[in-house]
Every structure is written in C-alpha cells, then in structure tokens.
Amino acid sequence: MKAPRGTQDLLPGVTEKWQYVEEKLKELSGRFHYQEIRTPIFEHTELFQRGVGDTTDIVQKEMYTFLDKGERSITLRPEGTASVVRSFVQHKLFGSPNQPTKLFYIGPMFRYERPQQGRMRQFVQYGVEALGSADPAIDAEVISLAMNAYQTLGLKSLKLAINSLGDQESRENHRQALVDHFTPVKEELCGDCQNRLEQNPLRVLDCKKDRDHPKMQDAPSILSYLNTNSNVYFEKVKAYLDVMGIEYQVDPNLVRGLDYYNHTAFEIMSDAEGFGAITTLSGGGRYNGLVQDLGGPETPGIGFALSIERLLMALEAEGVVLPIDEQLDCYVVALGEDANLKAAAIVNDLRQAGIQVDKDYQDKKFKGQFKAADRLKTKFVLVLGDDELSKNQIAVKNMETGEQETVAIDQLIRHMQGIL
Ligand code: HAM
C-alpha cells in the first residue's frame with residue numbers, strides 16, 4: 001500500500017528539518033508577539049464557502065468535502081484564515097482589551113490539486129492573522145514577519161510583490177471595468193472565465209489558461225480604480241515598508257486566489273535558480289469584511305501563510321544547510337550478562353539526568369556495538385566490560401579524539417555533564 005497521491009511520509013532524517021524550521025517559526029512569532037492558536041482540522045463546509053468564497057478554485061474544485069455519519073457536510077480545512085476568524089468570533093476574542101489579536105498557527109491543510117513538486121494535497125501551512133487593527137503599520141509588520149520567516153533561515157533570493165485591491169467602492173468600479181473589457185471577447189475565454197466574468201471578474205486575471213489572451217495584457221488595473229481612501233492607505237503601507245528597509249515591487253496583476261481580500265495583497269517569490277516551476281513561497285493580505293461575514297462585529301484583519309514544503313524547497317535550491325545536530329551524545333557498550341544488567345541501570349540513570357544515551361538491543365558483539373555507535377555518530381562511547389565492572393568503573397571514550405579515560409560509575413553523571 002502506498003500513501004495517497006499528493007501526500008508524503010516524513011521520515012527520520014527529514015523530520016529533524018521540519019522540527020528545526022517549525023521551532024524557528026514559533027520563535028519568530030514570539031518575537032513579533034503573535035500567540036499560537038490551534039483550530040480543528042475539519043470544519044463545517046459552509047465556513048469555507050462563506051469565508052474563502054464560492055467563486056474561488058479552492059471552494060469550487062479543491063475541497064475535501066464529505067458527509068459525516070450525522071449527515072453534516074464537513075470539509076478538511078484548505079487554509080487557516082477562515083477557521084481562525086471563526087474561532088475569533090466564536091470565542092469573542094474581539095472583547096479582550098488587548099487588541100489587535102495577533103495569532104499564529106502551524107498545521108496541515110488539504111486541497112485536491114494536481115500534485116507536482118511544491119504542490120501537495122496535504123501540506124503544512126504556517127500563518128499569522130492580526131485582527132482588530134486598520135493601521136497600515138500592521139500590514140507592514142505582517143509583511144516584515146513573512147520576509148523574516150525566510151531570512152532567519154538563511155534564504156536570500158526573495159522577491160516581494162505587493163498590490164492594493166482597494167476598498168469596496170474601488171473594487172466595484174474595477175469590477176465594472178473588467179466586465180466591460182472582457183465581455184466583447186467572452187466567447188474566446190475558457191469556460192471557467194466565462195463564469196468568472198459574471199460571478200467574480202477579478203478571478204479572470206488569475207486564470208492560468210487564459211494568461212496569454214491578448215486582452216489580458218491591457219486589462220484594467222485595479223490601481224487605476226483606487227479611490228482616495230484606498231490610495232492613501234496603500235501609500236502609507238509602502239511608506240512603512242520603506243522605513244523598515246523592505247524592498248518590494250508593486251504588481252498590479254497580483255489578485256490572490258481567495259475572495260476575502262481588500263486593500264493590501266502580497267506574495268513572496270523565490271528567484272533562486274533551480275527552484276522549479278512554482279515560485280510563490282507565500283501570500284497574504286488584508287481582509288476587512290471577513291469577521292463580519294462570519295457573524296462577528298466589524299473588525300479589520302490582515303495575515304499571510306506559507307507552506308513548509310515550499311520553504312524547504314527554497315532552502316534546498318539555495319543550498320542552505322540547516323544546523324541540525326545529528327550526533328548521539330553517548331552509547332553504552334557492554335559485554336557479558338552482568339555488564340548488560342548494569343548497563344541498563346546506567347543508561348536509565350543518565351537519561352534521568354537529562355543526558356542522551358542509547359545502547360545495543362540486538363545482542364551484538366563488542367565490535368558490532370562499537371560499529372553501531374560509530375554509525376550513529378556518537379560523541380562518547382561508555383565501555384563496560386568485566387574488568388571495569390569489578391572495579392565499579394566505566395571507560396569513557398571520546399570518539400572524535402580517540403582519548404579514553406576511566407571514571408567511577410557513581411561519578412559518571414557528573415563527569416558526562418561536565419564534558420558534554
Ligand atoms: P494561499 O495563497 O492559498 O493563501 O496559500 C498560502 C501559501 O500556502 C502559498 O503561497 C503556498 O506557499 C502554500 N500552498 C498553497 N497550496 C499549496 C499546496 N497545494 N502545496 C503546497 N503549498 C501550498 C492562504 O491560504 C491564505 N489563508 C493566506 C492568508 C492568511 N491570507 C491572510 N491570512
């Protein structure tokens with residue numbers, strides 16, 4: 001049996017990298033003062049229909065939706081924002097005096113997409129959401145955090161693209177302009193886009209099939225339709241990015257694949273050579289109407305998410321080696337029945353004292369045990385033979401230098417704590 005298409009097993013050797021990256025992201029969240037939230041992996045389907053949007057590819061094509069035994073329509077979460085906002089509303093976090101509410105999450109998301117390198121059906125997102133502030137400075141904070149997520153891990157070939165999708169009024173005007181622009185060539189567009197033109201014309205700009213249609217080149221840009229409020233807001237976000245020394249390119253075609261966005265939208269791309277066809281590492285933006293759409297009080301919000309899969313691909317493409325300690329601190333080599341009995345006690349005592357240690361469980365000979373210790377990149381091998389046992393001693397061999405010393409067993413913990 002094999003794991004389902006688009007999923008993967010993470011085995012020892014790889015899980016250490018994930019742990020390292022996840023730790024760094026948690027530490028980063030703490031530095032920016034975002035606190036962890038954990039929401040369910042499945043939700044009522046309606047949450048994503050209302051939250052992510054009925055016209056998006058995610059909702060129309062990519063959700064893992066099923067009826068549970070109680071005949072409720074359930075969906076494996078395709079993203080984190082809708083769930084976080086649902087939880088924010090359900091638990092009335094808006095009532096807390098500490099606003100904005102700044103949250104982060106790490107966990108698996110599910111999308112029925114065509115799997116390829118960097119596109120999985122189960123993938124892990126790290127994301128943040130800041131709810132309760134309409135200050136453009138927090139847009140810059142979220143973008144800075146997103147950039148830092150890569151930079152703290154040593155990535156350099158990054159590109160930040162930003163855009164403004166404007167407020168409701170700007171979007172309405174842009175929407176009409178798009179309809180006017182594309183309607184004369186409607187028949188030439190793909191079936192999806194013909195529907196999009198009616199339901200959500202902005203989505204047409206994001207179409208992969210019609211990307212090269214001549215009408216795409218001179219499609220009306222949202223930036224030409226921003227009203228004064230939206231323009232001022234966007235200028236402020238850029239000013240904050242400038243003072244923070246964050247470089248960006250304004251990309252008027254950046255529309256994002258989810259419906260809840262307005263004002264700021266951004267994506268971070270890798271331009272590392274050999275990164276592959278998919279270059280987007282993460283994306284996010286502002287979603288000022290979402291809390292209300294999901295039944296809460298009018299509350300602005302902004303956030304972003306990245307996937308660890310693509311982050312690890314970028315690290316590989318840039319040749320960044322994570323400083324993961326693959327060594328084992330101690331390995332006890334014991335020979336004979338009495339020594340093995342004593343070894344079990346020593347191993348147990350060392351572990352209780354917080355020292356990492358392993359031993360043989362395969363009845364290996366002396367040489368085999370040493371070989372095993374070598375393969376495990378052990379720093380210190382502790383040898384317990386008849387001779388040592390009779391004197392209540394143990395030999396401690398430094399595997400790097402080859403030096404060996406004899407230590408009284410009752411001094412071993414202190415000794416090892418000293419040299420480790
Ligand atoms: P998204 O652009 O759909 O946004 O996904 C964010 C990131 O998740 C992508 O840039 C990509 O790195 C990763 N990703 C998406 N699909 C896959 C996949 N099939 N395999 C591997 N990685 C994938 C959102 O999900 C929004 N909730 C982000 C957000 C948070 N906006 C505001 N707050």
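For ligands, and for the atoms within them, numbers begin at 1 and follow the listed sequence.
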Presence of salt bridge, Asp259 and Arg50, under 4.0 angstrom: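 Salt bridge absent between Arg50 and Asp259.
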Salt bridge present between Lys24 and Glu27 (N-O < 4.0 angstrom):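 Judged by the 4.0 Å cut-off on N to carboxylate O distance, Lys24 and Glu27 do not form a salt bridge.
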Tyr331 side chain vs Asp360 backbone, donor-acceptor pair below 3.5 Å: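 It does hold such a pair.
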Inter-residue atom distance Leu189.CG - Lys209.NZ, 0.5 Å rounding: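 Result: 11.5 Å between the selected atoms.
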Flag if over 12 foreign heavy atoms under 6.0 Å of CD, Gln249: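 Incorrect, the count does not exceed 12.
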Neighbour list for ligand 1 [protein residues, heavy atom under 4.0 Å]: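 Ligand 1 pocket, heavy atoms under 4.0 Å: Glu79, Thr81, Tyr105, Arg111, Glu113, Gly118, Arg119, Met120, Phe123, Gln125, Glu129, Arg256, Leu258, Tyr260, Tyr261, Thr280, Leu281, Ser282, Gly283, Gly284, Gly285, Tyr287, Gly303, Phe304, Ala305, Ser307, Arg310.
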Name of the residue among Lys208, Arg196, Arg203 meeting side-chain hydrogen bond (donor to acceptor under 3.5 Å, both in side chains) with Asp57: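 The side-chain hydrogen bond (donor to acceptor under 3.5 Å, both in side chains) with Asp57 is passed solely by Arg196 among Lys208, Arg196, Arg203.
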